[in-house]
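Just follow the structure's listing: the first ligand is 1, and inside any ligand the first atom is 1. Counting from 1, the numbers follow the sequence of the chain as shown.
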Amino acid sequence: MSNINEDYIEDYIREVIPESTGYLKEMERYAEENHVPIIHPEVAQFMKVLINIKKPKRILEIGAAIGYSSIVMVNSMGIEGKVVTIERRDDMIELARRNIEKYGYHDRIKIIKGEAQDVLPNIEDTFDMIFLDAAKSKYMDFLPYCIKNLAKEGVIISDNVLYKGMIANDDLVVRRQKTIVRRMREYLDYICNNPMFESSIIPIGDGVALTYKKEDTNE
Ligand SMILES: C[S@@+](CC[C@H](N)C(=O)[O-])C[C@H]1O[C@@H](n2cnc3c(N)ncnc32)[C@H](O)[C@@H]1O
């Protein structure tokens, strides 16, 4: 039970959306067996649809893990589409490199090694889409850099924003996760109420926020 949706809703959605095929399926199996958290199938599907609508040329991802979501995103982008992804763990980078190589995407997915909070200040490129999927208590710290590096009319997708239901219900909060809950609530309050943004919180997976940047604050 995810605490986000009733199991029957989640099961139904997973049944109805197309299953992954080929090597992506193997990556899903690897992630499950080795407890590597990757995007839920319904979130992957949501991102594919969004990428088809928005047609981003450049996406920045924070949190690569084994490269699964980077590959899902590139698969849906046009031939010139590129992803830059930040990851701090050497073992994950090694696996991500291997997986990206399998797809022949080494020219299209660039992995930057390091703590996102150290890497982000040095990124100068502009991105049409930013995918936040790393340290859940740090989204608020990442946000100024997302604003700086996001193109006008760009979108931010933030994963796990309902964090096992804890964000919406104090009764579910586990004591050692209190900081994550407090900081995620601050983040959601900011992206939902700052006039620069239009945001929607979508109860799929572990909760996804979709944020549209209305104004160009980079000028
Ligand atoms: C949920 S996993 C990413 C899953 C991936 N986006 C996917 O769906 O295939 C989060 C990853 O972010 C990395 N991470 C967490 N905090 C980070 C930080 N502050 N800087 C860089 N990487 C971080 C973790 O090592 C982990 O591999």
Side-chain angles (χ1 to χ4, degrees), residues 2 4 14 17 20 22-51 56 59-77 82-103 105 108-123 127 129-146 149 155-164 166-167 177 179-180 183-184 187 202 204-210:
S2 67
I4 307 299
R14 287 183 189 181
I17 58 179
S20 309
Y23 192 64
L24 273 181
K25 189 95 198 134
E26 269 182 54
M27 288 176 74
E28 287 167 12
R29 213 171 297 130
Y30 178 91
E32 191 172 355
E33 283 166 7
N34 294 281
H35 312 288
V36 179
I38 58 170
I39 44 170
H40 294 83
E42 58 277 20
V43 175
Q45 188 63 27
F46 171 75
M47 289 174 67
K48 288 183 213 168
V49 174
L50 188 63
I51 289 170
I59 299 178
L60 174 65
E61 173 181 66
I62 306 178
I66 59 171
Y68 178 81
S69 50
S70 296
I71 292 169
V72 166
M73 292 191 287
V74 165
N75 275 344
S76 290
M77 294 168 88
K82 294 210 161 100
V83 171
V84 174
T85 183
I86 305 170
E87 174 56 54
R88 66 180 172 194
R89 278 178 53 178
D90 286 323
D91 56 342
M92 289 294 133
I93 291 176
E94 171 73 32
L95 287 162
R97 288 229 160 93
R98 225 182 291 161
N99 291 329
I100 290 163
E101 196 64 46
K102 280 244 181 209
Y103 273 88
Y105 281 162
R108 299 182 60 192
I109 302 174
K110 178 181 169 193
I111 307 174
I112 303 181
K113 176 181 157 27
E115 290 289 335
Q117 43 284 44
D118 301 333
V119 171
L120 284 167
N122 301 317
I123 293 187
F127 298 87
M129 193 177 276
I130 298 182
F131 179 43
L132 290 187
D133 194 19
K136 311 304 165 196
S137 61
K138 297 267 164 54
Y139 285 11
M140 203 55 204
D141 300 330
F142 300 154
L143 190 60
Y145 301 103
C146 295
N149 293 100
V155 295
I156 303 171
I157 304 162
S158 321
D159 201 14
N160 309 100
V161 296
L162 295 174
Y163 201 57
K164 301 167 189 156
M166 291 185 214
I167 307 304
Q177 311 279 24
T179 305
I180 292 183
R183 302 226 63 207
M184 189 62 89
Y187 175 73
I202 305 158
I204 56 169
D206 193 27
V208 171
L210 178 60

S.K.: Just to verify, what does Lys102 make a side-chain hydrogen bond (donor to acceptor under 3.5 Å, both in side chains) with, not counting sequence neighbours?
M.R.: none
S.K.: For Tyr23, enumerate each residue passing the side-chain hydrogen bond (donor to acceptor under 3.5 Å, both in side chains) test, keeping only those at least two apart in sequence or located in another chain.
M.R.: Asn99
S.K.: Not counting sequence neighbours, which residues clear side-chain hydrogen bond (donor to acceptor under 3.5 Å, both in side chains) with Asp90? List them please.
M.R.: Lys113
S.K.: Pairs under 3.5 angstrom, nitrogen or oxygen on both sides, ligand 1 versus protein: list them out, please.
M.R.:
residue  : atom   : partner : partner atom : Å
ligand 1 : 6 (N)  : Gly63   : O            : 2.8
ligand 1 : 6 (N)  : Ser69   : OG           : 2.8
ligand 1 : 6 (N)  : Asp133  : OD2          : 2.8
ligand 1 : 8 (O)  : Ile39   : N            : 2.9
ligand 1 : 8 (O)  : Ser69   : OG           : 3.3
ligand 1 : 9 (O)  : Ser69   : N            : 3.0
ligand 1 : 9 (O)  : Ser69   : OG           : 3.3
ligand 1 : 16 (N) : Ala135  : N            : 3.1
ligand 1 : 19 (N) : Glu115  : OE1          : 3.3
ligand 1 : 19 (N) : Gln117  : OE1          : 3.0
ligand 1 : 20 (N) : Ala116  : N            : 2.8
ligand 1 : 22 (N) : Arg88   : N            : 3.3
ligand 1 : 25 (O) : Glu87   : OE2          : 2.7
ligand 1 : 27 (O) : Glu87   : OE1          : 2.8
ligand 1 : 27 (O) : Glu87   : OE2          : 3.2

S.K.: Are Glu94 and Arg98 close enough for a salt bridge, meaning some N to O gap below 4.0 Å?
M.R.: yes
S.K.: Counting N and O atoms only, with roles assigned by atom type, does the side chain of Lys136 sit under 3.5 Å from a partner on the main chain of Ala134, one being a donor and the other an acceptor?
M.R.: yes
S.K.: Measure up the Phe142 and Tyr139 rings against each other and bin them: parallel (under 30°), tilted (30 to 60°), perpendicular (over 60°).
M.R.: tilted
